[in-house]
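Accompanying notes for the structure given below.
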Amino acid sequence: MIRVGVCGFGYWGPNLCRNFAVNPGFRVTAISDRREAARAKAASLGSDIRLYEEAHDLVDDPNVDAVVVATPAASHFDLARRALARFKHVLVEKPMCVSAEEGAELVALADRVRRVLMVDHTYVFHGAVRKIEELMRTGALGAVSYFDSLRVNLGLFQPDMNVLWDLAPHDFSILDHLFGEEPDEIEATGHCHVNPVHPDIAYITMHFPSSMIAHFSLSWMSPVKVRRIAIGGANQMVVWDDLNQEEKLKIYDSGIEFQPEDERSVIVPAYRIGDVHSPRIPPGEPLAAIIGHFGNVIAGRETSRLDGHHGLRVVRMLEKTQAVLNANLAARDQRRAPPASSVASR
Ligand SMILES: NC(=O)c1ccc[n+]([C@@H]2O[C@H](COP(=O)([O-])OP(=O)(O)OC[C@H]3O[C@@H](n4cnc5c(N)ncnc54)[C@H](O)[C@@H]3O)[C@@H](O)[C@H]2O)c1
């Protein structure tokens, strides 16, 4: 039985606790949150759960074998490092940390102390991703030419985080898991409408060595929530609409075939419009599967698919994208700034 301590009992912490509670390999023994109301809510989970105000104190509790970090992203590195340094296994929320330098330190520390460092990139364990993986493995999809994600909703605006770091970890982790390649070129633009320094809309395009192109529309300014990913393969195309309860995944047996160049005078592609089918996605919460995987990795029964290296690659993609976004926003601000002479003459 692995004794778990959960840091952060805001929105996501209770979901983690609920899933740990039904896994026989774990027992939640401690919860920490700075907010009294959150601790009061956590108290209702059982009188045997120790409550802490400060996450540091939970991490130091000798009765905790594994620490779950579900506090805001800026605190992930500090808490994960402290837990690993005390020889505890760590499941850290997305994003693993806020810089590649921090990520590399966590990976090295986990290796040194021989403890599990895992990131909760929940969607990697989604049934739709598993199905897409199967289509790729069997060759049914064919060579992938594009990955197009629309991930928008209204808010939640966060004071210390922008829309890129909030929403893109989902897409970047799916990409890393499915394709295992990092982009060689990134384009990114966006806008800060609400918070003057944190973009709430971002449009990102990535180019990969395999010649796949990926595009991400991320927004906290959309009146409707959309979670839709389209993946185009040479043989089939897939649309995953995560909010569609009946037909989450649709597989289109469609494609475009070009004649060899020497046999054509104009580009007339042959459109192949075939059947559409919607496979059943096995029920079950991805988070429950991740927690099961965490237990199996700790026990040495499985190799982690969400280890620190994977978490670091995602953070690196976020960091590189942020740098491009920053440069574009700064250049635009400069273009829009009034010329120095007009300021002086006011
Ligand atoms: N995997 C997913 O699908 C998913 C979904 C939502 C959120 N998340 C991640 O979970 C993390 C938390 O997000 P949230 O939406 O629950 O945020 P939240 O603000 O609702 O909750 C965070 C809680 O942590 C507490 N806290 C902060 N610092 C603390 C400290 N040092 N000690 C004790 N308590 C502390 C706060 O009081 C707050 O209640 C973020 O990293 C977020 O990206 C992941």
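First listed ligand is number 1; within each ligand, the first listed atom is number 1. Note that the coordinates shown come from a computational prediction; the quantities given were computed from them, not determined experimentally.
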Tell me whether Arg151 forms a cation-pi arrangement with Tyr123, defined as NZ or CZ under 6.0 Å from the six-membered ring centre and within 45 degrees of its axis. yes
Applying the ring pair (Phe, Tyr, Trp, His ring centres under 6.0 Å) criterion to Phe125, which one of His170, His177, His293 satisfies it? His293
Looking only at non-hydrogen atoms, which of Glu53, Glu93, His76, Lys41 approaches atom 33 (C) of ligand 1 most closely? Glu53
Return the option from Gly13, Ala38, Cys7, Ala55 holding the heavy atom at the smallest distance from atom 32 (N) of ligand 1. Ala55
Is the shortest distance from a Lys or Arg side-chain nitrogen in Arg227 or Asp241 to a carboxylate oxygen in the other one below 4.0 Å? no
Looking at Glu134 and Lys131, is there a salt bridge between them, counting it only when a charged N and a carboxylate O are closer than 4.0 Å? yes
Give yes or no for whether the N/O distance cutoff of 3.5 Å, strictly under, is met between His170 and ligand 1. no
Against heavy atoms of Asp120, which atoms of ligand 1 measure under 4.0 Å? 1 (N)
Which protein heavy atom lies closest to atom 43 (O) of ligand 1, and at what distance to 0.1 Å? Lys94 O, 2.7 Å
State plainly whether the residues Glu285 and Arg18 are in salt-bridge range, i.e. N to O under 4.0 Å. yes
Can you pull out the closest protein heavy atom to atom 20 (O) of ligand 1? Residue, atom name and distance to 0.1 Å, please. Tyr11 N, 2.9 Å
Taking the non-hydrogen atoms of Met161, is any one of them nearer than 4.0 angstrom to ligand 1? no
Taking the non-hydrogen atoms of Ala70, is any one of them nearer than 4.0 angstrom to ligand 1? yes
Test: Arg82 and Asp60 ion pair at under 4.0 Å: yes
Quick one: nearest non-hydrogen protein atom to atom 21 (O) of ligand 1, plus distance? Gly10 CA, 3.3 Å
Out of Phe9, Tyr52, Trp12, the nearest non-hydrogen contact to atom 16 (O) of ligand 1 is supplied by Trp12
Looking at Asp120 and Lys94, is there a salt bridge between them, counting it only when a charged N and a carboxylate O are closer than 4.0 Å? no
Taking atom 1 (N) of ligand 1 as the reference point, the nearest protein heavy atom with its distance: Thr122 OG1, 2.8 Å
Quick one about Asp253 and His277 (side-chain donor to acceptor, distance below 3.5 Å, no hydrogens or angles considered), yes or no? no
Heavy-atom proximity to atom 27 (C) of ligand 1, best of Pro72, Pro14, Ser32: Pro72
Answer yes when Glu182 and Arg313 have at least one side-chain N-carboxylate O distance shorter than 4.0 Å, and no when they do not. no
Could you walk me through whether His193 and Trp220 pass the ring pair (Phe, Tyr, Trp, His ring centres under 6.0 Å) test, one step at a time? CA-CA 10 Å; His193 295 92; Trp220 285 335; over 10 Å; no
Would you tell me which option among Leu16, Val119, Thr71 has the nearest heavy-atom contact to atom 29 (C) of ligand 1? Thr71
My understanding is that we take every heavy atom of each candidate and find the minimum distance to atom 38 (C) of ligand 1. Doing that for Val92, Asp33, Asp166, Val69, which one comes out nearest? Asp33
Pro95 N/O under 3.5 Å from ligand 1 N/O: no
Identify the protein heavy atom lying closest to atom 31 (N) of ligand 1, giving its residue, its atom name and the separation to 0.1 Å. Arg34 NH2, 3.1 Å
